[in-house]
**Student:** 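Handing you a structure now.
What's counted below: heavy atoms across the whole structure, side chains too, no hydrogens, waters or symmetry copies. All values reported here derive from a predicted model rather than from experimental measurement. Read the numbers this way: they start at 1 and go in the same order the structure lists the ligands and their atoms.
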Amino acid sequence: MQPVLEERAPDYLEIAETVLAHADWKEALDSVIALVRSVFLFDNMALYLRESDSGGLAEVVYARAIGRGRSAEADGAWGSEVANLVVAQAQAIVKTPDATTPRNERMFFPYYLGLPLRAPGEVLGALIFVRYGGPTYTHNQIQRAQFIATQFSSLFERKRLLELVARLKDAQRQVDLQETFIATISHELRTPLGFIKGYSTTLLRSDTEWDEPTRREFLTIIDEEADHLNRLIENMLESARLQSNTLSMNFQALRLDGLLRDAALRNQNRCKTLQVSLETPALMPILADGVRITQVIENLFSNAIKYAPGAPITIRLRETENGQRILFSDAGPGIAPENLGRIFDKFYRVPGQGGSGSGLGLYICQQIVRAHGGELTAESQPGRGVTFCIDLPADPRTVLSGG
Ligand code: ADP
């Protein structure tokens with residue numbers, strides 16, 4: 001004879017309310033599981049979802065062993081085969097041990113009940129219940145389980161909608177940024193081009209003779225503006241290469257203390273009033289791309305000169321557990337917390353900030369550091385400056401290969 005199951009009156013409303021009360025689907029499942037078991041007895045419960053893009057096999061996303069299955073380790077304990085059948089056939093499936101199973105061993109055999117999780121017009125996945133050693137599922141119990149599957153379906157439908165909203169918001173943000181970028185970049189490209197065109201047209205005028213110093217002055221402006229234009233175009237190309245993953249790195253033994261000293265000297269020669277203090281002890285070389293790391297440091301210098309004019313700069317170099325850290329600080333105006341989180345976004349510029357730029361510099365720097373298996377972050381106390389922190393591993397190959 002089958003053992004008699006004692007079940008209290010199912011509190012459907014409480015289950016529905018608990019599912020609705022949680023924005024996070026995992027929290028909702030954790031909270032509802034005890035209620036579910038009070039209306040429907042089971043040992044194991046598993047939820048499978050189909051990959052919506054690939055439409056491939058259903059993968060388990062949530063599993064709980066509560067009763068006798070708690071010690072069951074076998075893969076079969078979660079009923080993935082049944083789940084995929086349920087998804088393929090879009091209907092409830094009951095699978096019980098076959099009649100040849102010796103009665104005294106039934107305790108070890110799972111009785112599966114699989115139910116489809118549905119959204120309008122499609123099957124999202126499957127809900128699997130397992131009872132070890134039975135009893136099998138009655139019509140009434142299957143109906144209760146179907147009610148639970150409906151509640152879980154709404155949970156996953158909501159999860160999918162929330163993910164869709166997040167993706168759309170992200171796409172909208174990208175479009176906004178692209179639009180700002182096009183406006184900024186066309187302005188940025190036109191300004192140097194305007195100078196070049198203006199001064200060269202002036203020099204070419206047939207009705208005026210220019211003396212040598214004036215000619216030199218105009219040609220110097222043309223030369224500088226052409227360089228500026230070149231840098232802008234190079235930045236745009238670089239970010240396109242980063243996006244298509246075609247930025248190649250040339251890792252070689254590199255002494256960071258030497259690189260930092262050279263960069264400081266170069267910038268002090270360029271900008272005579274620049275105060276730079278270095279705390280850069282001689283450390284072992286690390287494996288890095290010297291040209292790219294120089295590019296990052298140069299970018300931090302040019303930003304400090306642009307956005308923290310006249311403020312002293314401090315550069316510190318330290319050893320870390322698996323590599324070295326450069327701390328690049330300026331004592332300028334800093335960046336407000338609400339903007340700080342976005343300065344590494346492509347095309348982002350702090351609103352209302354002067355100085356020319358495309359908002360690509362820090363994005364490129366962060367991508368370069370990441371291509372070394374490292375990380376570039378920033379901290380700031382408004383009014384007291386910004387500190388950029390570059391963490392580099394001693395050997396990027398070990399980090400990038402996941403070893
Ligand atoms: P940009 O081409 O605008 O300089 P970046 O990506 O290099 O672009 O920097 C993004 C924004 O971060 C800048 O527009 C600026 O508002 C802010 N920023 C960068 N460095 C500093 C700094 N040292 N102090 C204050 N603000 C900074």
**Student:** What I want to check is whether the side chains of Asp330 and Tyr307 have a donor and an acceptor closer together than 3.5 Å.
**Tutor:** no

**Student:** Please determine whether a side-chain nitrogen of the Lys or Arg among Asp43 and Arg131 lies less than 4.0 Å from a carboxylate oxygen of the Asp or Glu.
**Tutor:** no

**Student:** Say whether Leu362, considering both its backbone and side-chain N or O atoms, lies within less than 3.5 Å of an N or O atom on ligand 1.
**Tutor:** yes

**Student:** Side chain, backbone, both or neither: which part of Val350 comes within less than 4.0 Å of ligand 1 when only heavy atoms are counted?
**Tutor:** both

**Student:** Considering only non-hydrogen protein atoms, determine which one is nearest to atom 12 (O) of ligand 1 and report residue, atom name and distance to 0.1 Å.
**Tutor:** Ile343 CG2, 3.6 Å

**Student:** Test your reading of the structure: does Val386 have an N or O sitting under 3.5 Å from an N or O of ligand 1?
**Tutor:** no

**Student:** Among protein heavy atoms, which lies nearest atom 21 (C) of ligand 1, and at what distance?
**Tutor:** Tyr307 CD1, 3.7 Å

**Student:** Relative to ligand 1, is Phe344 under 4.0 angstrom through side chain, backbone, both or neither, heavy atoms considered?
**Tutor:** neither

**Student:** Between Glu122 and Arg160, does at least one N-O distance fall below 4.0 Å, as a salt bridge requires?
**Tutor:** yes

**Student:** Should you measure from each heavy atom of Asp330, which atoms of ligand 1 turn up under 4.0 Å away?
**Tutor:** 22 (C), 23 (N)

**Student:** Just heavy atoms, cut-off under 4.0 Å: does Ile335 contact ligand 1 by side chain, backbone, both, or neither?
**Tutor:** side chain

**Student:** Under a plain distance cut-off of 3.5 Å, with no hydrogens placed, do Thr220 and Asp223 share a side-chain donor-acceptor pair?
**Tutor:** no

**Student:** If you define the side chain from C-beta out and look only at heavy atoms, does anything of Pro333 sit under 4.5 Å from Arg384?
**Tutor:** no

**Student:** I want to know if ligand 1 touches Tyr348 in the polar sense, i.e. an N/O pair below 3.5 angstrom.
**Tutor:** no

**Student:** Are Arg231 and Glu238 within salt-bridge range, i.e. N to O under 4.0 Å?
**Tutor:** no

**Student:** Which heavy atom of the protein is the closest neighbour of atom 7 (O) of ligand 1, given with residue, atom name and distance?
**Tutor:** Asn303 ND2, 2.9 Å

**Student:** Taking only heavy atoms of Gly359 into account, list the atoms of ligand 1 that are under 4.0 Å away from them.
**Tutor:** 1 (P), 2 (O), 3 (O), 6 (O), 8 (O)

**Student:** Looking at atom 3 (O) of ligand 1, what's its closest protein heavy atom, distance included?
**Tutor:** Arg349 NE, 2.6 Å

**Student:** Quiz question: by atom type and distance under 3.5 Å, do the side chains of Gln295 and Arg292 form a donor-acceptor pair?
**Tutor:** yes

